[in-house]
2 protein chains.
Amino acid sequence: MTTAGTQDCIPKQGDALLVVDVQNDFLPGGSLAVPQGDDVVPALNLYCAAFRTRNLPIFASRDWHPSNHCSFADQGGPWPPHCVAETDGAQFASGLDLSETVIISKATEPESDAYSAFENTDLDARLKQAHIKRLFVGGLATDYCVLNTVRDAIRLNYSVVLLEDAIRAVNLQVDDGSKAIKEMLELGCQSDSIESVSLTAPEAPTVLTDLYQLAMLKAYHDQGMNQTAVFEFYIRNLPAPRNFLMAAGLEQVLEYLETLQFSQQERDWLKTSGRFPAEFVDALKDFRFTGDIDALPEGTVFFANEPLIRITAPLPQAQLAESRIINILQMQTLAASKAARMVLTAPGKTLLDFGLRRAHGAEAGLFVARASYLAGFNGSATVPAEPFYGVPVFGTMAHSYIQAHHDEAAAFRDFAHSWPDNTIFLLDTYDTAQAAHKVVALARDLKKEGISINGVRLDSGDLAQLAKQVRSILDDGGLKDTRIFASGNLDEYALEQLIAQQAPIDGFGIGTRLAVSEDAPTLECVYKMQEYDGQPRRKRSEDKATWPGKKQVFRTFDAQGKMQEDHLAMEDESPPGEALLKPFMRQGKRLNPPVPLEQLRTQATHQLDQLPKALRSLKPASAYPVHISQKIRELANRLDQESL
Amino acid sequence: MTTAGTQDCIPKQGDALLVVDVQNDFLPGGSLAVPQGDDVVPALNLYCAAFRTRNLPIFASRDWHPSNHCSFADQGGPWPPHCVAETDGAQFASGLDLSETVIISKATEPESDAYSAFENTDLDARLKQAHIKRLFVGGLATDYCVLNTVRDAIRLNYSVVLLEDAIRAVNLQVDDGSKAIKEMLELGCQSDSIESVSLTAPEAPTVLTDLYQLAMLKAYHDQGMNQTAVFEFYIRNLPAPRNFLMAAGLEQVLEYLETLQFSQQERDWLKTSGRFPAEFVDALKDFRFTGDIDALPEGTVFFANEPLIRITAPLPQAQLAESRIINILQMQTLAASKAARMVLTAPGKTLLDFGLRRAHGAEAGLFVARASYLAGFNGSATVPAEPFYGVPVFGTMAHSYIQAHHDEAAAFRDFAHSWPDNTIFLLDTYDTAQAAHKVVALARDLKKEGISINGVRLDSGDLAQLAKQVRSILDDGGLKDTRIFASGNLDEYALEQLIAQQAPIDGFGIGTRLAVSEDAPTLECVYKMQEYDGQPRRKRSEDKATWPGKKQVFRTFDAQGKMQEDHLAMEDESPPGEALLKPFMRQGKRLNPPVPLEQLRTQATHQLDQLPKALRSLKPASAYPVHISQKIRELANRLDQESL
């Protein structure tokens, strides 16, 4: 999104996409070519795909002129003949995927012209019929047909999202396009760009749960048990090597809950599995999440016993969602918490996630990229983390690239020619110091071509010693601005050592030990029922007893703004401090649009700033004080007494 | 699949689905109802979805009679009037999703009847036009229109897969249906059932890779480097707590490689990302995997330095695939190896995977279910592991189910009524011994209803002590056949202890410590170039040097059939022993259809039987001998010398 992050430009029910006049005659080579007009095609394809995926309608307008149209120069009009009906020039751009699209033809009569897709067409009627309230508009040209279409749309009371990366201007006057955009924004258009709707993370199937959840669902169904339950997700004890944890994954939980439904295919499979009666499976057709979510915002620092999320929903819904909620929150919280330790250990250093390959499967790789960026990393090597989450991604070369060349220096040179702005060379395939000398020699040649060497990477050996040696070779060779990156089995402990040794390393690629949170690959996390049908509940299993009731976390800060102590209390108590659990969803609907990851990252940085010094250390600190309120203790005692 | 596992019933290019006459008049309530005719609808929907997903054609035939059709009783025919064109009775079943389907109408003239969908229709011509060689056939009724359609299909030289769970018979004579099926199988039909084509695991996007792979791809593209490369994936050192590893994940790697292509949406995104020139991205349109795969069959026991998989392919293909291949193979190998230790430790016990919630994301949960079953587990709680992989799934109740009831005994009773064949009660929500007594009391009442109690589960406390106590309560109560299951922070070490204590526990649910392979959550695994353009390659980084060349693993066995020693040699050497790497793919095509997981599991069990005693122990054993051949060592030396 190019504008303020609080906007909600994710296509949803009531939205339609309108592609304006992306026809051959308006593309380079056409009779009325818009400069770079073909640039809109891949962008519009992504928007189209995003709308089709969500079953939202797409409309495409086209000029569809008679051969004697009044706008043509030979008829006294301003334009060369273009988009004559049925001719090649009037066809939509060949690369544009307009499957499942409604075509709107305009200016089809000799005597009337129409820049706007609304002019003398049934577009407005069709949109109203489909209950469309908001139009996403892209196409050609910004300063004519797009502008006039948007003017009409606003006049007709549609909200408009202008797809700024999917429009191009004729620019008869050099600033016609920018003037048109300015006018459209002043008319009240939102502005959007492709990141918000492009490739999206695959959704897990709704049947991705434990079978016992479905078994219980059937029992609840048989018994008519559909009252409101309260479940809380929390960590029983911090893993030994952690002084704090950082909450992450809420956004994916909210996405899961708001789209939760059994597809036709899943219901068909459940029927054919032979376990469930058809009547029960048919009832799942209307199964949706209609409950409330209160949670710690992502990036919040938290401790044992403090709920990360509280679900208040009809029992079957809260029950079914358990497995996937834990599956999402544990992994992202593990990764964010581990990454946060590295961020604290290596201030001012560039930190990149290199963990995909040794993460536990596809989603783990993506979650690590997202959670580590949230915690303050600078980016990831995992490509889809960019379109899915907005994580900046980075990458240059592997050893195999060097090995595939007969000569290391030639490998560097070729790479520089392919990627003149992304010249980071891997030095340790054969001999690191020798490779550094080759870089110095190469730099002289490349300089003549205007290419400078951004950096080098070390991936094995004694990194501190090698970095010092390489730094001095580079400096002696005049490459003082060439940065040194390091990777290879790094974690916060290795970073601490390298920094203590004053290794001249500017950035680190962190892989395996981050990706699996190696020193604490799991959290003792649970999702427990605290209340059903208005009655508090308590599980009393040995060593696994729960604190009953609907709870809130209150946090106080000292004069310097550092965290002081937390109180775990009943929701209706008022101990001192700020209430940390915030409302995110009511009756299955989000209260606010998703917060951009960038903004969550800023909040997370602020949270780390508030950490007391002892907790920032890699050494185990005494536990941060979390007080359980008297009222909770009394309730637990009462429930235990009642049940004896 | 209901028949031998070597069949290949996965729909692919050249296959079409034919849905025969699933019309209202043939469904219960219709004028010529087939008993349970509506049972075919959910099954056919799954087949349709499987064909649509793969862009394979679907045909649906229908009787489309005139009102005076010769088959009607009032015209002297055998049947009541049915499927009169345009009437409700002639419509397809309302729940049947026939979108994107070609409709074939038959018996449309008064004087000619047609049971077969080929009779007087253009079906054969349309199939030939679409180059269809094999038909998947389901619908109504087995003993009339399905039978006659299949007879014609065979006569017309189509292969036929009969969808046995998507047909139903009229059975005027009680065995008409089974006779018809017998005839069709004798005619050469394969038989299939829904498991093979139903819900399938989501594919990761092709851009799920590290950005440097794409950066190198562009450099290779610019430099025309497209020669054949050989990469091998192996583990540098076994993790300390492991005496052996078990190979797993190859099937998912093969699926990934055979479907590898950049979608339009991915290419559009790559263009809009601003990193790559359009010309390079356009060239990715035809990017496919066309290489060879040799690998250890899944379930094979292996050791350090032994390649799990060898990729021989044009450099860019082998390069791009690196990240995802490691991502798949490491996780599944970790899980299979951990699970195998439990299988060895607890012979005769039921072992179930309960790991989804604390696995690292969705795919990790699925991979753990698959890999643990491969290694000898009896099943999983993770629902989609059944449709995706054929893993049996199990599940009953959680503590929250008990907590939601006011009374524990009532919770048990209600559950037994909902699940009379799946009565396994969780005992430890409040007090385990008390709960066991409640079960005994309940059993008497349930017995009158013909319900017996299959088992109980303990999830906390001293499991050995509690199991003994519960066993004696159950035995005293006459429930000697009621089994005891246990779960809660279990792993192979805990199993070993419980078994040493002779805890009377029949089965175990294993969660977290399996799901993240807690004592070894990662493998020191690498994917390294061994050869490019016919020349062997060697990386010499400190502590990370590789053995060069294209290699094979040879294994010898002692007189008792136990593994004796392995030789890592060049592919063209012939040390003693069996060659373990087998060919799986040539020029991008599989040499054989996928091996069913059940069969892989049998092979894995056999592998564990071959393990020498010392390696079966949970205690670290001396390393199994893996000899590096003289020829490999000489090659490594030569390469090192040449490069000095």
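Reminder, nothing fancy here: chain letters follow the sequence lines and each chain counts from 1. Keep in mind it's a predicted model, so treat the numbers as computed, not measured.
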Closest-packed option against chain A by number of heavy-atom pairs under 4.5 Å, given B:C48, B:A219, B:A364:
B:A219

A:Q319 side chain reached by B:S400 side chain, heavy atoms, under 4.5 Å
yes

Any side-chain heavy-atom pair from B:D222 and A:D414 closer than 4.5 angstrom?
no

Which portion of B:L208 sits near chain A, non-hydrogen atoms under 4.5 angstrom
both

So, the part of B:A229 with a heavy atom under 4.5 Å from chain A: the answer is neither

Under 4.5 Å from a heavy atom of chain A, the part of B:Y527 involved
neither

Where does B:Q332 contact chain A at under 4.5 Å (heavy atoms): side chain, backbone, both or neither?
neither

In terms of heavy-atom proximity below 4.5 Å to chain A, should B:F394 be classed as side chain, backbone, both, or neither?
backbone

Can you tell which part of B:L366 gets under 4.5 Å to a heavy atom of chain A, answering side chain, backbone, both or neither?
side chain

Does the side chain of B:E518 pick up a donor-acceptor pair with the side chain of A:T522 at under 3.5 Å?
no

Shortest non-hydrogen contact between B:A215 and A:G395, atoms and distance:
CB-O, 3.9 Å

Relative to chain A, which of B:H405, B:R538, B:Q535 shows the most heavy atom pairs under 4.5 Å?
B:H405

Give, as side chain, backbone, both or neither, the part of B:Q403 having an atom under 4.5 angstrom from any heavy atom of chain A.
both

Checking B:E531 against chain A: side chain, backbone, both or neither under 4.5 Å from a heavy atom?
neither

What closest approach, in Å, do A:V207 and B:P384 show between heavy atoms, and which atom pair accounts for it?
O-CD, 3.1 Å

Segment of B:T512 engaging chain A (4.5 angstrom heavy-atom cut-off)
side chain

Determine whether B:D210 and A:F354 make a side-chain contact, defined as any pair of heavy atoms from C-beta on separated by less than 4.5 Å.
no

Let me know if B:H221 has heavy atoms under 4.5 Å from chain A in its side chain, its backbone, both or neither.
neither

Might you work through the side-chain contact (heavy atoms from CB on, under 4.5 Å) test for A:H417 and B:Q223, ending with a clear yes or no?
CA-CA 10 Å; A:H417 288 147; B:Q223 299 151 29; over 6 Å; no

Greatest number of heavy atom pairs closer than 4.5 Å to chain A - which of B:E363, B:R537, B:H406
B:R537

Assert yes or no for the condition that the ring centre distance of B:Y212 to A:Y401 is strictly below 6.0 Å.
no

Mind running side-chain contact (heavy atoms from CB on, under 4.5 Å) on B:Q265 and A:N45 for me, showing each step along the way?
CA-CA 7 Å; B:Q265 209 178 347; A:N45 279 343; over 6 Å; no

In terms of heavy-atom pairs under 4.5 Å, which option from B:S273, B:A335, B:A278, B:G361 contacts chain A the most?
B:G361

Where on B:L329 is there a heavy atom nearer than 4.5 Å to chain A: the side chain, the backbone, both, or neither?
neither

Output the option from B:E322, B:M216, B:H360, B:M529 having the highest count of non-hydrogen pairs under 4.5 Å with chain A.
B:H360

Heavy-atom closest pair (A:R358 atom, B:I326 atom, distance to 0.1 Å) is CG-CG2, 4.4 Å

Can you say whether B:F280 sits under 4.5 Å from chain A via the side chain, the backbone, both, or neither, judging by heavy atoms?
neither

Side-chain touch A:V383/B:L214, heavy atoms, less than 4.5 angstrom
yes

Please step through salt bridge (Lys or Arg N to Asp or Glu O under 4.0 Å) for the pair A:R275 and B:E386, ending with a clear verdict.
CA-CA 12 Å; A:R275 280 195 192 84; B:E386 185 168 295; 2.6 Å; yes

Could you look at A:Q213 and say if it's the side chain, the backbone, both or neither that has a heavy atom under 4.5 Å from chain B?
side chain

Here the pair of heavy atoms bringing A:Q264 nearest to B:G95 is NE2-O, 4.4 Å

If one checks every heavy atom of B:K218 against chain A at 4.5 Å, the contacting part turns out to be both

Contact origin within A:T209 toward chain B - heavy atom pairs under 4.5 Å:
both

Which atoms of A:I328 approach chain B - backbone, side chain, both or neither, heavy atom under 4.5 Å:
neither

